[in-house]
Amino acid sequence: LKQLETDFIGKPVQLHARMDSTNSYAKENLTDLINGEIILAHEQTAGKGRLGRNWTSPAGASISLSLVLKSDIPFERIPLLTQLTAASLVKALDAWADVQIKWPNDIILNNKKIAGVLVETEFSGRSLNGIVIGIGINTNVDQMDIPEDLQSKATSIREEKAGETDPNKLVARFLKHFENFYVAFLGSQHTEPFLSICREQSVLIGKDYWIIDKEQKRKASIRTIDPTGGLVVTYHDTNKTEVITSSDLSIRGE
Ligand code: BT5
């Protein structure tokens, strides 16, 4: 990464040809990895999404990156890291496209997903050993290489803009924005710089969606993202406004 302008985020870089999952590798090798270190793989054979879902990472045409953090962050502030990462991606990608965020972790271009964020934590007992921030970006993926079941909801930067993305430049830009937000977040607890981007670029805010959990499906008006990174919604059935966390929900238009 020649264009890297950060102090510690992205230093050092491990580049692998093929891995099952950069996040799994980072979690398994956490004790040997330092704060800010990143793992990149040309290809993932078992990329992970949230809640046990799969992430497809076509060889060479997508970015699979895991960033290791070893700061002591209070448990309740960890969800903010997903928002911080999503905002960093928006800023990094604005050299190519104006992307949106579907709270909590989807990056959307022209109504289709081009990237996703997966934040994982490793605890031993009650103490936090480290945080692994995984991001997958469909940079130069061909529509042909997108699995059949994702054709209608996934795309790549190349497919939407008909241009190539220089992965080095994109990763360097992402790491720089991440570091800026992260240093402010740790130092002065500043969350507004990145949460304001999450709100401005939100797919959901101002619209009505179905909020679906294991038991039920309820229609809600999506209001905003609150200072904890939660989504503020007003349920239509009760007319009550509540803050939801990302854990076990899905949010759908229909
Ligand atoms: C995510 O989960 O979006 C998190 C993706 C994180 C991937 C990175 S790659 C580096 C690091 N190492 C890993 O093993 N993972 C991280 P979620 O919100 O659960 O979305 C998963 C869903 O997105 C799947 O169920 C599919 O519907 C869809 N999907 C899978 N692969 C996709 C792709 N390449 N592009 C767009 N959508 C995809």
Side-chain angles (χ1 to χ4, degrees), residues 10 13-30 33 37-69 79 81-83 85-86 88-90 93 97 99-122 130-160 165 167 170-171 174-175 178 203-204 212-213 231 245-253:
V13 179
Q14 279 192 35
L15 182 59
H16 298 258
R18 200 165 188 229
M19 277 191 156
D20 53 354
S21 151
T22 56
N23 262 39
S24 301
Y25 173 90
K27 285 176 75 181
E28 281 155 23
N29 295 281
L30 207 50
L33 299 169
E37 186 158 1
I38 61 169
I39 321 293
L40 281 162
H42 276 295
E43 184 182 3
Q44 285 187 130
T45 51
K48 297 185 296 182
R50 296 181 309 135
L51 310 169
R53 295 192 280 250
N54 295 321
W55 180 259
T56 310
S57 326
S62 58
I63 291 172
S64 302
L65 180 157
S66 293
L67 164 62
V68 173
L69 298 175
L81 290 174
T82 302
Q83 304 308 305
T85 305
S88 306
L89 281 170
V90 168
L93 286 162
V99 300
Q100 290 187 290
I101 303 169
K102 185 180 174 219
W103 183 93
N105 73 316
D106 290 350
I107 306 297
I108 306 290
L109 178 56
N110 299 337
N111 297 317
K112 292 180 176 182
K113 186 162 172 177
I114 57 154
V117 177
L118 171 67
V119 175
E120 297 189 277
T121 47
E122 272 283 304
I131 302 163
V132 177
I133 306 217
I135 62 162
I137 313 172
N138 302 333
T139 43
N140 303 315
V141 177
D142 232 77
Q143 195 70 33
M144 261 170 46
D145 296 325
I146 294 174
E148 192 119 1
D149 57 319
L150 296 179
Q151 284 286 337
S152 63
K153 46 183 188 175
T155 188
S156 70
I157 299 170
R158 183 210 262 165
E159 286 298 330
E160 296 307 307
T165 315
L170 175 53
V171 170
F174 165 72
L175 295 171
F178 186 98
V203 172
L204 304 177
I212 303 156
D213 67 17
L231 193 68
T245 52
S246 63
S247 39
D248 249 349
L249 300 161
S250 63
I251 301 174
R252 303 229 185 92

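Since the model is a prediction, treat every value here as computed from it, not as a measurement. Just follow the structure's listing: the first ligand is 1, and inside any ligand the first atom is 1.
- Taking a cut-off of under 4.0 Å to the non-hydrogen atoms of Asn138, the atoms of ligand 1 that pass are 33 (C), 34 (N), 35 (N), 36 (C).
- Under a 4.0 Å criterion applied to the non-hydrogen atoms of Leu65, ligand 1 contributes the atoms 10 (C).
- For ligand 1, the atoms closer than 4.0 angstrom to any heavy atom of Gly47 are 14 (O).
- The shortest N or O to N or O distance between Ser66 and ligand 1 is not below 3.5 Å.
- Atoms CD and OG, on Glu37 and Ser66 in that order, are 11.0 Å from each other to the nearest 0.5 Å.
- A distance of 10.0 Å separates CD1 of Ile133 from CG of Leu118, quoted to the nearest 0.5 Å.
- Side chain of Asn23 to main chain of Glu120: no donor-acceptor pair is present (N/O by atom type, distance under 3.5 Å, no hydrogens or angles).
- The two residues Phe174 and Ser88 have their closest heavy-atom pair at CE1-CB, 3.6 Å.
- For atom 15 (N) of ligand 1, the nearest non-hydrogen atom of the protein is Lys48 O, 2.8 Å.
- Across Ile108, Thr139, Val99, Val141, a single residue satisfies side-chain contact (heavy atoms from CB on, under 4.5 Å) together with Ile114, and that is Val99.
- For the residue pair Gln44 and Ser64, the shortest heavy atom distance occurs at NE2-OG, 3.3 Å.
- Annotation for Gln143 and Ala154: closest pair NE2-O, 3.5 Å, computed over non-hydrogen atoms.
- Protein heavy atom at the shortest distance from atom 18 (O) of ligand 1 is Asn105 ND2, 3.1 Å.
- Among all non-hydrogen protein atoms, the one lying nearest atom 23 (O) of ligand 1 is Lys113 NZ, 3.4 Å.
- The nearest protein atom to atom 30 (C) of ligand 1, hydrogens excluded, is given as Asn54 O, 3.4 Å; this is a heavy-atom distance.
- Of all protein heavy atoms, the one lying nearest to atom 34 (N) of ligand 1 is Thr56 O, 2.8 Å.
- Shown in contact with Val117 at under 4.0 Å from a heavy atom are these atoms of ligand 1, numbered in order with element: 4 (C).
- Distance alone, capped at 3.5 Å, is enough to place a donor-acceptor pair between the Gln151 side chain and the Ile146 backbone.
- Checked by distance only, ligand 1 and Trp55 stay at 3.5 Å or farther apart across all their nitrogen or oxygen atoms.
- If you check which protein heavy atom lies closest to atom 29 (N) of ligand 1, you get Leu150 CD1, 3.6 Å.
- Heavy-atom contacts of Lys153 reach the following atoms of ligand 1: 27 (O) (cutoff under 4.0 Å).
- If you check which protein heavy atom lies closest to atom 36 (C) of ligand 1, you get Ala154 CB, 3.4 Å.
- Of the N or O atoms in Thr22, one or more lie within a sub-3.5 Å distance of an N or O in ligand 1.
- The closest protein non-hydrogen atom to atom 25 (O) of ligand 1 is Arg53 CD, 3.4 Å.
- Some N or O of Gln44 is nearer than 3.5 Å to an N or O of ligand 1, by distance alone.
- In summary, of the residues considered (Asn105, Val117, Ile101), a side-chain contact (heavy atoms from CB on, under 4.5 Å) with Leu89 occurs for Val117 alone.
- Nearest heavy atoms, Ala115 versus Ile137: CB-CA, 3.9 Å.
- Using a 4.0 Å cut-off to heavy atoms of Asp106, the atoms of ligand 1 that qualify are 18 (O).
- At distances below 3.5 Å, at least one donor-acceptor pair connects side-chain atoms of Lys102 with backbone N or O atoms of Ile251.
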